[in-house]
Amino acid sequence: MAKKYDTTDAADVERKLASKCSRTLLALPIAALGLLAWQATAMAAAPVAAAAGQTAENAGQATQQETGKAEAQQTQGLPVEPVKAAETESAKTPSTPAAAEPAAKKAEKRKNIEVQLEYLDGRFFKKRDVDLYNVHVYRQYKELGALTLHYGLTFERATGSTTEDDIWRDAEAVGFGPSYMMRWTKHISGKLDGSIDGSGSLLVYNHAHPGNGRAYGFLWRIGPRLTYHYTDRDALSLAYLFHHSSNGMSTHNPGYNGVGFSLGFTHWY
């Protein structure tokens, strides 16, 4: 008797095998694409990792060099300088010309003292022959462009006589008092300056001066002056001055005039 085969089971088996093969063939391309994507990602990350490793290596070498230098300095007994801290501090407080400018301006505003020695010869009055030997001490306190203002003291020694009303009177006296001076200055060249000085002094005398006058008076002076700065702090000057002396009253006011030379010395400190 012949065997009978179940064709239905055979057909199912074939279908299952075909389904497995199709799934296998579909998975192979997907796996290949995944492998390619992984390789691309790995190749892109390799340079970054290499660079990071190089940077870390350089940093380690620099740290080792600094550590070795510090150890060498400590071994030799030398102080270790905090380079980074110093650089940070200098970066916080930079030295700029703008910061140094106020200090330079402040240095330029120095104090000074000026001493003037002068001789004034009595002129213009035949009956009032009075000569003056004066010492003036000034200090500049303000500068307005080319104009400077000074205050100080005047010491005066007067000699001579007057012959008012055909009566001879002694004019010798000693005076002392405050003084004020204004000076307009113009630079000439090099170390040489030119100026015009104008000053007024209120003097108190040891007795009435001149004869038939009063025991106080005013001394007015004006004239040109040349100043030579022979150092940064010192200068010499020479002036030719006209002066007028009187007590300013309508009576007992035998005023007199004169001209003469003034030698000055100025020191800045």
Side-chain angles (χ1 to χ4, degrees), residues 112-142 147-186 193-228 235-267:
N112 66 21
I113 185 171
E114 180 175 350
V115 179
Q116 300 175 2
L117 307 176
E118 68 185 12
Y119 167 71
L120 301 174
D121 183 27
R123 300 283 182 88
F124 313 111
F125 288 98
K126 294 181 180 180
K127 297 182 179 182
R128 299 172 190 173
D129 184 15
V130 183
D131 298 336
L132 300 179
Y133 299 86
N134 298 331
V135 178
H136 307 275
V137 181
Y138 290 107
R139 183 186 181 278
Q140 177 182 322
Y141 75 94
K142 197 165 188 179
L147 181 66
T148 56
L149 306 179
H150 311 250
Y151 63 84
L153 296 171
T154 295
F155 303 86
E156 181 179 287
R157 175 70 170 98
T159 63
S161 60
T162 63
T163 55
E164 289 289 330
D165 303 325
D166 296 330
I167 300 174
W168 184 90
R169 295 182 176 89
D170 188 6
E172 293 192 4
V174 176
F176 171 78
S179 183
Y180 191 85
M181 181 176 70
M182 301 176 65
R183 172 177 290 163
W184 182 85
T185 304
K186 174 71 174 180
D193 292 339
S195 64
I196 299 294
D197 294 1
S199 66
S201 302
L202 173 61
L203 302 175
V204 177
Y205 299 102
N206 59 333
H207 55 74
H209 171 77
N212 199 28
R214 298 178 185 271
Y216 70 92
F218 297 93
L219 171 66
W220 307 98
R221 303 179 304 147
I222 189 170
R225 181 180 296 271
L226 291 176
T227 302
Y228 177 73
L236 289 174
S237 63
L238 181 64
Y240 184 76
L241 303 173
F242 167 83
H243 91 88
H244 172 72
S245 297
S246 68
N247 58 30
M249 303 295 290
S250 59
T251 60
H252 299 284
N253 181 24
Y256 55 92
N257 300 329
V259 294
F261 293 93
S262 172
L263 178 64
F265 170 76
T266 306
H267 176 71

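Fair warning: this is a prediction, and the values are worked out from it, not measured in the lab.
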What are the two closest heavy atoms between [X] and [Y], and how far apart are they?
X	Y	result
G177	L203	N-CD2, 3.7 Å
S246	G255	CB-CA, 3.9 Å
V130	S161	CG2-O, 4.2 Å
R221	S262	NH1-OG, 4.5 Å
P254	G211	CG-O, 3.7 Å
T154	S179	OG1-CB, 3.3 Å

Does any non-hydrogen side-chain atom of [Y] lie less than 4.5 Å from one of [X]?
X	Y	result
T185	T227	no
E118	H243	no
M249	Y216	yes
E172	N206	no
N257	R123	no
M182	W184	no
L117	F265	no
L132	Y256	yes

Problem set entry | From CA spacing to verdict: side chain to side chain contact (heavy atoms under 4.5 Å, CB included), H252, N212 | CA-CA 6 Å; H252 299 284; N212 199 28; 3.4 Å; yes
Looking at [Y], is its backbone amide N or carbonyl O close enough to the side chain of [X] to form a donor-acceptor pair, meaning the two atoms are under 3.5 Å apart?
X	Y	value
R169	P210	no
N253	N247	yes
D131	G122	yes

For this session: Just do the side chain to side chain contact (heavy atoms under 4.5 Å, CB included) check on F176 and V204 with the steps written out, would you?
Result: CA-CA 6 Å; F176 171 78; V204 177; over 6 Å; no
Can you list everything that forms a ring-ring contact (aromatic ring centres under 6.0 Å, His included) with [X]? Sequence neighbours excluded, please.
X	answer
Y240	F261
Y133	Y119
Y228	none

For this session: Check the pair L202, F218 against side chain to side chain contact (heavy atoms under 4.5 Å, CB included), reporting the backbone distance first and the verdict last.
Result: CA-CA 5 Å; L202 173 61; F218 297 93; 3.5 Å; yes
Problem set entry | Ring geometry between H150 and Y138 (parallel below 30°, tilted from 30 to 60°, perpendicular above 60°) |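 Rings of Y138 and H150: perpendicular, over 60°.
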[atom1]/[X] to [atom2]/[Y] distance, rounded to the nearest 0.5 angstrom?
X	Y	atom1	atom2	result
K186	I196	NZ	CD1	13.0 Å
H209	T162	NE2	OG1	9.5 Å
S195	L226	OG	CG	7.5 Å
D129	T163	CG	OG1	8.5 Å
S245	R128	OG	CZ	11.5 Å

Exercise. side-chain contact (heavy atoms from CB on, under 4.5 Å) with M181: which of Q116, H136, Q140?
Worked result: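 Checked Q116, H136, Q140 against M181; only one passes side-chain contact (heavy atoms from CB on, under 4.5 Å): Q116.
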Exercise. Could you go step by step and tell me if I113 and R139 meet the side chain to side chain contact (heavy atoms under 4.5 Å, CB included) rule?
Worked result: CA-CA 5 Å; I113 185 171; R139 183 186 181 278; 5.7 Å; no
